[in-house]
Amino acid sequence: QVQLVESGGGLVQPGGSLRLSCAASGSIFSINAMGWYRQAPGKERELVATITGGGSTNYADSVKGRFTISRDNAKNKVYLQMNSLKPEDTAVYYCNADIRVGVWYDGMDYWGKGTLVTVSS
């Protein structure tokens, strides 16, 4: 069994910062790409940022220059540093990882249950 557990969400004022963390645990052989997605009320889930095992990153245009994704491969963790937060960043943020559970297995997508980020004064 593989689990992804997010933490770090909460209420923050516009212009503030938050750092999200996601820890992968269970029967993990290797982790390929990891990423963060978000879903605002009434909207579809969208990509926020991804990071490969080698550290290459990709960001949604709406968060470039404000958010930074990073990972700790030794700890099977991924982080999202969010600065200069705006009300439109309010959403449930989900962790995603492409994980192999054994040498004979292809990577599969796993998702966390999400953490709520609310940006409001």
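Below, all heavy atoms of this structure are taken into account, side chains as well, without hydrogens, waters or symmetry copies.
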*asked:* Here's a test for you: under side chain to side chain contact (heavy atoms under 4.5 Å, CB included), which of Leu116, Val117, Thr115 qualifies with Val92?
replied: Leu116

*Would you call Leu20 and Met82 a side-chain contact if the rule is heavy atoms closer than 4.5 Å?*
yes

_Distance (rounded to the nearest 0.5 Å) between Leu4 CG and Lys113 NZ_ = 11.5 Å

_Between Asp61 and Lys64 (salt bridge meaning N to carboxylate O under 4.0 Å), is one present in this structure?_
yes

_If I compare all heavy atoms of Val101 with all of Phe29, which pair ends up nearest, and what's the gap?_
C-CB, 3.6 Å

*asked:* Rounded at 0.5 Å granularity, tell me how far CG in Asn83 sits from OG1 in Thr68.
replied: 6.5 Å

*Would you give the length of the straight line joining atom CG of Asp89 to atom OG of Ser62, rounded to the nearest 0.5 angstrom?*
7.0 Å

*Any chance you could measure Leu80, atom CG, to Met34, atom CE, to the nearest 0.5 Å?*
12.0 Å

*How about Arg45 and Trp111: do any of their side-chain heavy atoms sit closer than 4.5 Å?*
yes

*Ser120 vs Leu11 side-chain heavy atoms within contact, under 4.5 Å*: yes

*How about Gln81: does its CD atom have over 12 heavy atoms from other parts shown lying under 6.0 Å from it?*
yes

*N-O pairing of Arg38 and Glu46 below 4.0 Å*: yes

*asked:* With side chain to side chain contact (heavy atoms under 4.5 Å, CB included) as the criterion, how do Asn32 and Arg100 come out once you've worked through the C-alpha distance, each side chain's angles and the decisive distance to 0.1 Å?
replied: CA-CA 8 Å; Asn32 300 319; Arg100 294 176 66 194; 4.2 Å; yes

*Beyond-backbone contact of Tyr79 with Cys22, side-chain heavy atoms, under 4.5 angstrom*: no

*If the plane angle is over 60° it's perpendicular, under 30° parallel, otherwise tilted; pick one for Tyr93 and Phe67.*
tilted

*asked:* Could you go through Asn76 and Ile31, starting from their C-alpha distance and side-chain angles, then the distance that decides it, and tell me whether this counts as side chain to side chain contact (heavy atoms under 4.5 Å, CB included)?
replied: CA-CA 8 Å; Asn76 291 337; Ile31 303 179; 3.5 Å; yes

